[in-house]
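First the structure, in the form of structure tokens, and then the observations on it.
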Protein chains: 2
Amino acid sequence: MTGRRIRVLLAEDQGMMRGALALLLGMEDDIEVVAQVAAGDAILDAALAHRPDVALLDIELPGRSGLDAAADLRVRVPDCRVLILTTFGRPGYLRRAMEAGAAGFLVKDGPVEELAAAVRRVLAGETVVDPALATAALSAGPNPLTARESDALKASADGATVADIAARLHLSESTVRNYLSSAIGKTATRNRMEALREARRQGWL
Amino acid sequence: MTGRRIRVLLAEDQGMMRGALALLLGMEDDIEVVAQVAAGDAILDAALAHRPDVALLDIELPGRSGLDAAADLRVRVPDCRVLILTTFGRPGYLRRAMEAGAAGFLVKDGPVEELAAAVRRVLAGETVVDPALATAALSAGPNPLTARESDALKASADGATVADIAARLHLSESTVRNYLSSAIGKTATRNRMEALREARRQGWL
DNA sequence: GGCGGGCGATGACATATGTCCTGCCGCGGT
DNA sequence: ACCGCGGCAGGACATATGTCATCGCCCGCC
């Protein structure tokens, strides 16, 4: 191993997970973790400052979604390959990751050995995706929800009432009810909580 | 380090996290990971088989909660010290962990270095708890919900309707509404979803 | 120019939800 | 023996939610 080591940026909000992953990757003698961030809105700055070869991004992050950050990197740091690392293998997540230009998609359920291997394969130009997940994503079809329907669903989390949602979105209550109703229809569910759950499961939010 | 190494049982459902923690602990030359399990209902058997000194348990596990498993260990493997490792520092979780006889309570947000240190301190007889969390747990007071109110709340997740809950709990719909209503009152919230959220936040479920 | 589709809104309506009150049982304390 | 409290149930009532039909506006498309 005479060549330059692979420079990795690590974005993960859970401290223990972040530290453990950094240590693991650091133990590989061809990999070097050059930056660690805990928030999504710190990813771009860190990438600009440290010019990593691979960015390992969680999706659920405070500040900015890892998927959105991946899109940022595509534009502002095009040489950096993006590897998404997430708890949930939601079909919609994978789809959005690919649309954002990610080079790979890993679920945290897999064995640790996968991780360093995926970093190397991604850098070598391969696209790393679990085949089963890939077929699931394709068979699931695209997100049928309109932007406002998604907004209404997101805002209806935590038991917000229709009035709350209307206030948050600056809409009339009737309009909110209509959006929720159509979201319920499109998700083939019975009420907003089920619709929210299903939309999340599909990765549509 | 001439003595026998500390035998650790690791219970964590997320594969990558479990593998990373096992590797980290294994790197310490006075610690040995003798068993790894991914499900809560595998903890007791593994502990009986491997007789660990310390059991490192996640709370949210498939099969059986880490807190319940801790109570099992207290009775069936009393020599094994229990260290709870969880994503959420909910006051009620800490309270229940202590009632279940846990010797320590760690949140996954902390730095990785804490982990091995906590294992050693727990084995030395110390009780390992974040002081800020401890005071929060005490000031929060005990769980005001009755068993049935908790049941009704838990069953009301995912947008289940009153009829669904009644069926799942073998109760009349009126009874379910009464339980939910009183749970809403005790949590000082406006509807079941808020009550569910608040109860979860407090660690009452 | 017509058409579809998303956005925003309204009103009417049926159903679901949450509240309150009453009542019955059993249990544990005083 | 009495009381309080939790479990369980029913009824009555007000409010919240979900559905549907209808409308206007704007935009992109053929």
Side-chain angles (χ1 to χ4, degrees), chain A residues 92 95-96 99 140-205, chain B residues 92 95-96 99 140-205:
Chain A
R95 178 180 291 264
R96 284 159 63 193
E99 284 166 5
N143 183 347
L145 302 176
T146 71
R148 301 309 256 158
E149 286 161 2
S150 294
D151 291 343
L153 270 191
K154 282 182 227 167
S156 78
D158 326 322
T161 152
V162 170
D164 297 340
I165 304 171
R168 215 172 299 173
L169 268 63
H170 308 291
L171 289 175
S172 93
E173 299 196 15
S174 313
T175 306
V176 170
R177 289 139 80 90
N178 288 337
Y179 284 150
L180 289 179
S181 181
S182 83
I184 290 166
K186 287 177 179 178
T187 49
T189 50
R190 294 174 303 170
N191 55 48
R192 32 170 134 177
M193 288 318 300
E194 284 193 352
L196 182 64
R197 235 184 110 66
E198 176 62 15
R200 276 206 225 276
R201 199 180 66 77
Q202 294 280 353
W204 288 342
L205 300 185
Chain B
R95 177 181 293 265
R96 283 160 62 194
E99 284 167 6
N143 183 348
L145 301 175
T146 70
R148 299 310 254 158
E149 287 161 0
S150 295
D151 291 343
L153 270 191
K154 281 182 231 168
S156 77
D158 328 321
T161 147
V162 169
D164 297 340
I165 305 171
R168 215 172 300 174
L169 267 56
H170 308 291
L171 290 176
S172 91
E173 299 196 14
S174 314
T175 307
V176 170
R177 289 138 82 85
N178 288 335
Y179 285 150
L180 288 178
S181 182
S182 85
I184 290 167
K186 288 177 179 177
T187 48
T189 50
R190 296 174 302 169
N191 54 50
R192 17 165 150 182
M193 287 320 296
E194 282 193 353
L196 181 64
R197 234 184 111 65
E198 176 62 13
R200 275 207 227 274
R201 198 180 68 76
Q202 294 281 352
W204 287 342
L205 301 186

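Note on naming: letters A, B, ... go to the chains in the order of the sequence lines (proteins, then strands), and numbering restarts at 1 for each one.
- To the nearest 0.5 angstrom, B:T175 atom OG1 is 13.5 Å from B:H170 atom NE2.
- Distance check: A:K186 NZ to A:L145 CG gives 6.0 Å after rounding to the nearest 0.5 Å.
- Using a 4.5 Å cut-off on side-chain heavy atoms (C-beta onward), A:N191 and A:L180 make no contact.
- Counting only heavy atoms from C-beta outward, the side chains of A:R148 and A:L171 approach each other to under 4.5 Å.
- Put simply, B:R192 has a side-chain N or O that comes within less than 4.0 Å of OP1 or OP2 on C:dG18.
- Taking a 4.0 Å limit (strictly below) on heavy-atom distances, residues 193-205 of chain B does not reach DNA chain D anywhere.
- In this structure, CG in A:N178 is found 10.0 Å from CD in A:E149, a value given to the nearest 0.5 Å.
- Within residues 169-189 of chain B, the residues having any heavy atom closer than 4.0 Å to DNA chain C are, in order of number, B:R177, B:N178, B:S181, B:I184.
- Here the side chains of A:E194 and A:T187 are not in contact, with every heavy-atom distance at 4.5 Å or above.
- Here the side chains of A:E99 and A:R95 are in contact, with some heavy-atom distance below 4.5 Å.
- Of the residues in residues 156-168 of chain B, those placing a heavy atom less than 4.0 Å from an atom of DNA chain C are B:T161, B:V162, in numerical order.
- When every heavy atom of A:E173 is checked against every heavy atom of A:A163, the shortest pair comes out as OE2-CB, 3.6 Å.
- Legend: residues meeting salt bridge (Lys or Arg N to Asp or Glu O under 4.0 Å) with A:R201, ordered by chain and number and at least two apart, are A:E198.
- When each of A:N191 and B:E149 is assigned the nucleotide of DNA chain D bearing its nearest heavy atom, the one mapping closer to the 5' terminus is B:E149.
- With rounding to the nearest 0.5 Å, the separation of OG in A:S156 from CG in A:L169 is 10.5 Å.
- With contacts defined as side-chain heavy-atom distances shorter than 4.5 Å, the pair A:R177/A:I165 does not qualify.
- Taking the screw axis at each terminus of the helix from C:dG1-D:dC30 to C:dT30-D:dA1 from five consecutive base pairs, the angle between the two is 30° to within rounding of 10 degrees.
- In this structure, NZ on A:K154 lies 6.5 Å from CG on A:L205, to the nearest 0.5 angstrom.
- Taking the 5' to 3' direction, DNA chain D first and last meets chain A under 4.0 angstrom from a heavy atom at D:dT17 to D:dC20.
- Within the 4.5 Å cutoff, no side-chain heavy atoms of A:V176 are placed close to those of A:R168.
- Taking CD1 of A:I184 as the reference point, atom CZ of A:R192 lies at 7.5 Å (rounded to 0.5 Å).
- For the pair A:R190/B:D164, a side-chain contact is recorded, criterion being any heavy-atom separation below 4.5 Å from C-beta on.
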